[in-house]
Each structure stands twice: as C-alpha cells, then as structure tokens.
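Throughout, protein chains are lettered first and strands after them, A, B, ... in sequence-line order, and every chain is numbered starting at 1.
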Number of protein chains: 2
Amino acid sequence: MTAWKLGKGVLWMGNKNEFTEQLKQRGYKLTKQRQAILDVFMEMERPLATAQHIFEKVMEINPGINFSTVYRNLDMLVQEGIVRKITFDQGAAYYELMGGKHHHHLICKGCGKIQCVDYCPLRDMPIKEGFVPTDHSFEIFGFCKECMQTKLLEDERRRERE
Amino acid sequence: MTAWKLGKGVLWMGNKNEFTEQLKQRGYKLTKQRQAILDVFMEMERPLATAQHIFEKVMEINPGINFSTVYRNLDMLVQEGIVRKITFDQGAAYYELMGGKHHHHLICKGCGKIQCVDYCPLRDMPIKEGFVPTDHSFEIFGFCKECMQTKLLEDERRRERE
DNA sequence: ATCTCTGCAAACATTTTGCATCATC
DNA sequence: GATGATGCAAAATGTTTGCAGAGAT
C-alpha cells in the first residue's frame, strides 16, 4: 500500500489486490509479468516513470521479462484506466497510476524532481461553445526552490565575471 | 502577412521580414531553405504542423531540401523564440509560430481540427511556494460541436441496436 | 484444452549526428 | 575567403508488430 502526499491531503491510495481483481474480472490473465509491473507501480518513489525505468525496476523482480511485454501491458493498463500516460518532451512517455485524485505536475528543470498539484485548469477555463473536453494535459516546468537559489547564484557569479 | 482569429481578437500577426531581420541581426545566414521554412509558417492553414508536414510544404517551394535541414532549422527557430514546439502524443512533435498572443489549443479527436484559446491556466493557478514556472503545456482534447453531434447520433444508433 | 500472453527479432517512426561540400556574408 | 549551413547517409531513440511457443484459467 502506497500513498503520495499532496499538500494537506493524500493524492492517491491503492493496493495491488484492488487492481488485480479489476483485471481478473475483465478477463485478463494474471501473469507474473503483470504482477511485477503492478508491484513496481505500487513501490514507485516518484509519481512519473518512463517505460525504460519501469522495465529496469521490473527486471529486478522478474529478470528475463521483455520490453515488449512491458509496453503491451502499459498500453493495456492505460486502456483499462488504471494507468495514465503523459508526454511532455518528445522523448519517452511517462506513466503513472491513476488511482485517487486527479492532479497535475510541477517539473523542476534543474533536478528533475516532480511535485503534484491539486489545481486543475479545466474548472476555471471559460467554456468554448460547443466543444466538449474529454482529456487534457497540463504540466508546469520551472525551478524548484533549491534549484532556483542555485541558478540565481550562478547568474550572479556570471555577471561578476563579465 | 497572416493572421489567425481568436474570439474577438487577433491571435497573432506577423510578416516574414520581421523574422528574417531578427535572424540576420543575430548572426544567422539567410539561406533559401530558411526563407522557404518561414514562408511555410506564414502560409499555414492550421496553427500546428509536424516536421513532416512542414517538410512536405517546403518541398513545394524548395524541392531538394533535406529533412535534417528542416529539423535543424526548427530547432534553431525554437531556440530563437520564433517557433514553439508542442508534444502531446508520443508521435511527432508539432510546431507553431510564437508571434503574437500566448495561447493554448482545443484539439478535436474527431476531425483533428485545432482551435486556439486565449485562456492561460497559469494566471489562476495558486502559486506553489518556492517553485518558479518557466514553461507550461496546456492542451485540451475533446470533440468539437460537429463531431460531438455525430458521436451522439452514433451512440444512440448503437444503443438502439442492442 | 483453450486461448491469451510472452519472448524474440525485426520493423517502424521520429529525430539526431558526422562529415564533406556548398553558399552566404 | 571565412564561417556557418546544407545534403547525405548512417545511427540513435522510443515504440510497435508478427509469430511460434509457453503459461494461466
């Protein structure tokens, strides 16, 4: 059982059985590969992970698993609404457990740290007549407190040198 | 000279000379390839285009141009703040002229039509203490008025059949 | 026993790179 | 003429696919 904190509340909470039951009921077989992938999601230290990262972690639990199996299962989990897929740079896609509260991310360009934010822009956006939104992306890039301080110091030093 | 409309205002307006002057001043050479790429951006019928799409259009003006030249120049234009790069699906990245007003997009999953929206979530989002935002993505997917009607009709028909 | 899932290898799509040549300034 | 840009070909990256055999129900 894992829980990520968001401000004063809890961002999500879930246990593996919940998901495995869901999958079984929908006619999916419970292979050790799938269990290992779910295990990795349950024990993730960051909210977002790439397929590569998930693959590496799964290898620790189930060595010999193939990359395509990871991809196929990630697709399946997205399809079943258990996992969300996010792409913000043109590189690899990121995956995260959907469970719990809808949220977005602050991504630090300095250290790569990812924080979750409760705020969702869709509730404040004026409705465009006739358009019915189904999904949306909202990711904020910038510098966290620590990296901003580092950056300001660097900028200052550079200015002194010139 | 091109202008895209946004509600009652104009989304952006620009002319090629403006950009070519900018590039010249920053020490870039004005090759025919670069001019062709800018021409394509000026005459784009949609706000967003993939590198592939831009390449095809540039080929009409300057046949023989190479794909890497297009990529290198798109990178350069992004670097120089003339073009914005957007990625929302894990496929190809999209590019658009930055000129004018900051905006986001409504993307129809039915017909692929892209509308621009004035609203920016960053102005309503509660500030996370210490985090300094520099960039952000905000793209809304859904169905435009026409596609939603089509979809509703299809859903109804399906329900009747069952 | 059935039918899905997996591993493997190969294909695919998009983007990046090194290097010799070419064009702009 | 110097410097930076281009074309070409090849590689790198991330993801998808077909198929034969293995494994879950």
Side-chain angles (χ1 to χ4, degrees), chain A residues 16-17 19-40 48-59 61-80 82-95, chain B residues 16-17 19-40 48-59 61-80 82-95:
Chain A
K16 200 182 148 194
N17 287 348
F19 298 124
T20 52
E21 273 312 308
Q22 240 180 90
L23 291 181
K24 247 199 253 178
Q25 275 170 27
R26 297 185 205 172
Y28 290 102
K29 290 181 179 169
L30 232 57
T31 61
K32 25 183 191 326
Q33 291 88 337
R34 276 180 186 157
Q35 304 210 51
I37 291 169
L38 282 175
D39 280 336
V40 167
L48 299 181
T50 62
Q52 174 70 44
H53 180 216
I54 292 162
F55 174 66
E56 279 162 18
K57 286 284 172 192
V58 172
M59 283 285 273
I61 306 175
N62 188 331
I65 195 174
N66 195 272
F67 222 136
S68 9
T69 305
V70 173
Y71 271 115
R72 277 193 273 237
N73 280 307
L74 287 173
D75 277 359
M76 182 272 282
L77 291 169
V78 169
Q79 206 69 37
E80 293 304 322
I82 292 170
V83 163
R84 189 153 70 111
K85 183 177 186 176
I86 301 176
T87 40
F88 36 74
D89 52 20
Q90 76 287 24
Y94 289 76
Y95 298 85
Chain B
K16 201 181 145 192
N17 287 348
F19 298 123
T20 50
E21 273 312 308
Q22 241 180 88
L23 291 181
K24 247 199 254 176
Q25 277 171 27
R26 297 185 205 173
Y28 291 100
K29 289 178 180 171
L30 232 57
T31 61
K32 25 184 191 327
Q33 290 89 334
R34 276 180 186 156
Q35 304 209 51
I37 291 170
L38 283 174
D39 280 337
V40 167
L48 299 181
T50 63
Q52 174 70 42
H53 180 216
I54 292 160
F55 174 66
E56 278 162 19
K57 286 284 173 194
V58 172
M59 284 285 273
I61 305 175
N62 188 331
I65 194 174
N66 195 273
F67 222 137
S68 10
T69 306
V70 173
Y71 272 114
R72 278 193 273 237
N73 279 307
L74 287 173
D75 277 358
M76 182 273 281
L77 291 169
V78 169
Q79 206 70 38
E80 293 305 321
I82 292 169
V83 163
R84 189 152 70 110
K85 182 177 186 175
I86 300 176
T87 41
F88 35 75
D89 52 21
Q90 77 285 25
Y94 289 76
Y95 297 86

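Residue B:Tyr71 contributes atom OH, which lies 16 Å from atom P of D:dT13 at whole-angstrom precision. Between A:Gln35 atom CD and C:dT6 atom P there is a gap of 11 Å when expressed in whole angstrom units.
Between the side chain of A:Thr87 and the main chain of B:Phe88, a donor-acceptor pair closer than 3.5 Å is present.
If you check C:dT15, C:dT6, C:dA23 against the side chain of B:Ala93, the one that comes closest is C:dT15. Picking from D:dC8, C:dT6, C:dC3 the nucleotide with the shortest atom distance to the side chain of A:Lys29 gives C:dC3. Comparing D:dA24, D:dT6, D:dT15 by their closest approach to the side chain of A:Ala51 singles out D:dT15. Nearest to the side chain of A:Gln90, among C:dT16, D:dT6, D:dT25, sits C:dT16.
Sequence order on DNA chain D of the closest nucleotides to A:Lys24 and A:Asp75 puts A:Asp75 first from the 5' end. Taking the nucleotide of DNA chain C with the nearest heavy atom to each of B:Ala92 and B:Tyr28, the more 5' of the two is matched to B:Ala92. Positionally, the nearest nucleotide of DNA chain C for A:Ser68 lies more toward the 5' end than for the other of A:Ser68 and B:Lys85. In this structure, A:Gln52 and B:Arg34 both approach DNA chain D, and ranking their closest nucleotides by distance from the 5' end singles out B:Arg34.
Listed pair B:Thr31 / D:dA5 fails the phosphate criterion, with no side-chain N or O lying under 4.0 Å from OP1 or OP2. Distances shorter than 4.0 Å separate none of the side-chain N or O atoms of B:Gln33 from OP1 or OP2 on C:dT24. Distances shorter than 4.0 Å separate none of the side-chain N or O atoms of A:Asn62 from OP1 or OP2 on C:dT6.
Counting distance only, with no hydrogens placed and no angle test, the side-chain atoms of B:Arg72 and the base atoms of D:dG7 include a donor-acceptor pair under 3.5 Å.
Heavy atoms of A:Gly64 sit under 4.0 angstrom from primed sugar atoms or phosphate atoms, though from no base atom.
Of the listed residues (B:Lys24, B:Arg26, B:Arg34), just one forms a salt bridge (Lys or Arg N to Asp or Glu O under 4.0 Å) with B:Glu80, and that residue is B:Arg26.
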